[in-house]
Amino acid sequence: MIIIHAQGDRPPSDLADLLASSPDGVILAGTAAAVGEGAPDAVLRLVMLQAQDDAFVVLSQGLHHFRHVLATRPGGLRYHRGAGVGPEPRDDAPLTWQADSDGRVTACHLSPLAVGSPLLRPAAQRLAAMPMPDTRRFAFLRAVLQGGAHVPG
């Protein structure tokens with residue numbers, strides 16, 4: 001499954017391609033204008049009241065609101081800001097991500113084992129509420145999923 005974080009007021013132009021390449025489904029996240037009209041009915045929608053810049057907050061909201069859907073799909077979970085290609089999944093890491101030159105996370109991949117972890121959702125929710133850069137949130141979440149550091153706070 002993939003979460004597409006729509007930027008601006010419209011869905012990504014390559015949404016049809018993303019639907020075809022993600023047989024487990026697509027969650028389109030963004031403002032009502034971005035996820036409303038123009039998106040196929042097969043797309044699950046996560047409507048944000050205001051534009052959200054933090055990838056981690058969008059990921060956390062997706063994990064929370066679509067937990068029952070994710071529980072029925074045994075695969076991993078990808079996140080993309082807008083369109084594009086994200087990091088390659090790695091067998092040795094439950095979570096990988098990439099960031100732009102400004103430090104904003106643009107894509108991530110959660111392994112199937114990480115998506116099924118009972119630690120994922122509560123840790124993601126706590127980290128999303130903390131004032132820290134996305135890259136640090138993702139680093140903490142990976143540590144939690146690997147059995148290391150606890151969520152700060």
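Heads up: numbering here begins at 1 and tracks the sequence. This is a predicted model, so every value here is computed, not measured.
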Step-by-step side-chain contact (heavy atoms from CB on, under 4.5 Å) determination, L113 to L145
CA-CA 9 Å; L113 192 59; L145 292 170; over 6 Å; no
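- Here the closest heavy-atom approach between residue R137 and residue A128 is recorded as NH2-O, 3.5 Å.
- In terms of heavy atoms, L141 sits closest to L127 at N-CD1, 3.8 Å.
- Residues A55 and V105 share a closest heavy-atom pair of CB-O, 3.6 Å.
- Taking CG of L44 as the reference point, atom CD1 of I4 lies at 12.0 Å (rounded to 0.5 Å).
- A donor-acceptor pair is defined here as one N or O able to donate and one able to accept, closer than 3.5 Å; no such pair exists between the side chain of R126 and the backbone of A123.
- Shortest non-hydrogen contact noted between G76 and P112 is N-CG, 3.6 Å.
- Distance CZ/R81 to CD/Q98: 11.5 Å, rounded to 0.5 Å.
- The OG1 atom of T106 sits 10.5 Å away from the CD atom of Q7 when rounded to the nearest 0.5 Å.
- Connection of V115 to V57 is not established within any shared hydrophobic cluster, with ILVMFWY side chains joined at heavy-atom distances below 4.5 Å, either directly or through further cluster members.
- Side chains of F66 and M1 form no contact here, defined as non-hydrogen atoms less than 4.5 Å apart.
- Looking at every heavy atom in both residues, V58 comes nearest to I3 through CG1-CG2, 4.1 Å.
- Under 4.0 Å is where a charged nitrogen must lie from a carboxylate oxygen, and between R104 and D54 no such pair does.
- When F138, Y79, W97 are each tested for a side chain to side chain contact (heavy atoms under 4.5 Å, CB included) with F56, only one passes: F138.
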Pair T96, C108 - check side-chain contact (heavy atoms from CB on, under 4.5 Å), show working.
CA-CA 6 Å; T96 55; C108 79; over 6 Å; no
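- Atoms CG and CZ, on L70 and R121 in that order, are 10.0 Å from each other to the nearest 0.5 Å.
- Distance CD1/I2 to CZ/R78: 4.0 Å, rounded to 0.5 Å.
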List the steps and the verdict of side-chain contact (heavy atoms from CB on, under 4.5 Å) for L110 and L120.
CA-CA 10 Å; L110 283 157; L120 177 63; 4.1 Å; yes
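- Among all heavy-atom pairs drawn from S111 and A93, the shortest one is CB-O, 4.2 Å.
- Rounding to the nearest 0.5 Å gives a distance of 7.5 Å between CD of Q61 and CD of Q125.
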